[in-house]
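Each remark here refers to the structure printed beneath this line.
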Amino acid sequence: MIEPLNKPKSQDLSDFYLINIVCGAVIISLITLVAAQYLPVDLRQPGSPLLQSLAIIGSVLLLLSFLAILAKRFGKSGKKGFKGHVWLANIGFILIIAHSGFAILSIPGILIVLLLTIAALGIYARLVLSRKMGNVFGTKRTGFSRPDETIQNELKKLINYKQRLLKKIDPSANEAFFSIQAKNWVKMPILAFRYNQAVERETILLETRKSVSFVQAYYRSIHRLLSIAFLLGLIIHVITTIFFAGYVAEDRHIYWWHITKWGS
């Protein structure tokens with residue numbers, strides 16, 4: 001086939017560029033950590049005006065990276081969303097590392113360990129698991145085999161149930177290609193939840209996850225849960241340092257920007 005000359009280039013992010021972006025972020029983070037040690041004492045503390053400002057910007061970028069990966073759920077380009085996720089996450093990572101200094105062995109340091117784990121899992125999924133998933137295609141014979149009559153009947157009822165729900169959620173959508181989007185959760189959370197549960201039940205009946213390894217089957221869920229845990233921990237850290245500065249400082253001097261000293 002002859003491809004048109006004006007065919008738009010793929011927006012996908014290659015593994016080569018992904019590795020370069022991640023390696024660049026790690027190198028810059030290490031340089032930043034070392035360079036911060038030569039700053040005046042008042043500036044190299046995690047809560048100093050400089051490092052606290054970097055932490056605020058980094059936190060916003062990490063939040064935006066979390067939203068960027070959900071681009072498909074908002075009807076946007078998934079490839080552009082992934083590129084945005086990678087860039088925002090890596091820049092945010094650099095700023096958060098700069099803020100933390102070498103305070104890994106502390107309660108807030110748990111967030112850094114969690115962030116590193118999330119990053120490592122994401123990179124592993126893209127570089128290694130993606131190839132393993134590709135090798136699975138064409139080998140899942142159970143997906144093409146005829147299920148027994150009991151499962152057939154249950155699947156038929158389940159599909160009819162999904163179609164009834166979909167008429168209420170989005171009458172113009174096709175059940176075979178439809179997936180719940182963010183707008184559906186906002187407008188009809190109960191119906192969206194029921195439809196999502198039906199999809200999960202269908203996956204179990206078809207034994208989709210049994211054809212691959214545990215990591216391949218659940219890495220998305222693990223990555224998502226760790227990301228949510230990190231965001232919740234980050235929110236708690238921000239609230240406690242800004243509003244419960246007295247509790248965080250204990251008997252120390254509160255040198256960082258805060259609003260209230262609750263807990264003192």
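- In this structure, the side chains of H85 and L64 stay at 4.5 Å or more apart for every pair of heavy atoms.
- When all heavy atoms are compared, the tightest approach of S179 to N184 is O-OD1, 4.3 Å.
- Closest heavy-atom contact between H223 and I118: CE1-O, 3.1 Å.
- For the pair I169/I180, a side-chain contact is recorded, criterion being any heavy-atom separation below 4.5 Å from C-beta on.
- Take Y195 and apply the ring-ring contact (aromatic ring centres under 6.0 Å, His included) test, not counting sequence neighbours, and it matches F178.
- Summarising the geometry, atom CG belonging to L115 is positioned 11.0 Å from atom CG belonging to L226; distances are rounded to the nearest 0.5 Å.
- Contact detail for S65 and A89: the closest heavy-atom pair is CB-N, 3.6 Å.
- Distance check: I21 CD1 to I91 CD1 gives 9.0 Å after rounding to the nearest 0.5 Å.
- L116 and L234 fall within the same hydrophobic cluster, defined by Ile, Leu, Val, Met, Phe, Trp and Tyr side-chain heavy atoms under 4.5 Å apart, directly or through other members.
- F93 and I31 end up in different hydrophobic clusters when Ile, Leu, Val, Met, Phe, Trp and Tyr side chains are linked at under 4.5 Å.
- Partners of R201 according to the salt bridge (charged side-chain N to carboxylate O under 4.0 Å, His left out) rule, which considers only residues two or more places apart in sequence or in another chain, are E154.
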Decide yes or no on side-chain contact (heavy atoms from CB on, under 4.5 Å) for T117 and F230, but give the supporting numbers first. CA-CA 10 Å; T117 304; F230 173 79; over 6 Å; no

Tell me, with the steps shown, if E202 and I159 meet side-chain contact (heavy atoms from CB on, under 4.5 Å). CA-CA 8 Å; E202 186 178 19; I159 291 173; 4.2 Å; yes

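- Surrounding CH2 of W256 are more than 12 heavy atoms belonging to other residues, nucleotides or ligands, all under 6.0 Å away.
- Under the 4.5 Å side-chain contact rule for hydrophobic residues, L231 and L225 do not share a cluster.
- Enclosure of atom CD1 in I190 is not indicated, since only 12 or fewer non-hydrogen atoms of other residues, nucleotides or ligands lie within 6.0 angstrom.
- Nearest heavy-atom pair across A68 and G84 is CB-C, 4.1 Å.
- The side-chain heavy atoms of F66 and L88, taken from C-beta on, include no pair separated by under 4.5 Å.
- Two different hydrophobic clusters hold I236 and L63 under the rule that ILVMFWY side chains link at heavy-atom gaps under 4.5 Å.
- Here CD1 of I19 is found 9.5 Å from CZ of R126. Values are rounded to the nearest 0.5 Å.
- The shortest non-hydrogen separation linking V22 to N90 is CA-OD1, 3.6 Å.
- Not counting sequence neighbours, the partners of W262 by the ring-ring contact (aromatic ring centres under 6.0 Å, His included) test are F244.
- To the nearest 0.5 Å, atom CG of residue L121 and atom CZ of residue R220 are 11.0 Å apart.
- In the hydrophobic clustering of ILVMFWY residues, with side-chain heavy atoms under 4.5 Å counting as a link, I27 and V34 come out apart.
- Checking side-chain atoms of R252 against main-chain N and O of A249 turns up a donor-acceptor pair under 3.5 Å.
- L166 contributes atom CG, which lies 8.0 Å from atom CG of N174 (distance to the nearest 0.5 angstrom).
- Distance check: K83 NZ to K79 NZ gives 10.5 Å after rounding to the nearest 0.5 Å.
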Anything under 3.5 Å between a donor and an acceptor, one on a side chain of residues 40-59, the other on a protein residue two or more places apart or in another chain? List them.
| unit_1 | atom_1 | unit_2 | atom_2 | d |
| --- | --- | --- | --- | --- |
| R44 | NH1 | Q37 | O | 3.3 |
| R44 | NH1 | L39 | O | 2.9 |
| S48 | OG | L43 | O | 2.7 |
| S48 | OG | Q45 | O | 3.0 |
| S48 | OG | L51 | N | 3.3 |
| Q52 | OE1 | W257 | N | 3.1 |
| Q52 | NE2 | W257 | O | 3.1 |
| S53 | OG | P49 | O | 2.6 |
| S59 | OG | A55 | O | 2.8 |

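- Residues passing the side chain to side chain contact (heavy atoms under 4.5 Å, CB included) test with H237 are H99, P108, L111, T241, sequence neighbours excluded.
- By the 4.5 Å side-chain criterion applied to Ile, Leu, Val, Met, Phe, Trp and Tyr, I94 is assigned to a cluster that also includes I28.
- A donor-acceptor distance shorter than 3.5 angstrom exists from the side chain of N160 to the backbone of K156, with no hydrogens or angles considered.
- Heavy atoms only, all atoms of each residue included: L33 and I97 are closest at CD2-O, 3.4 Å.
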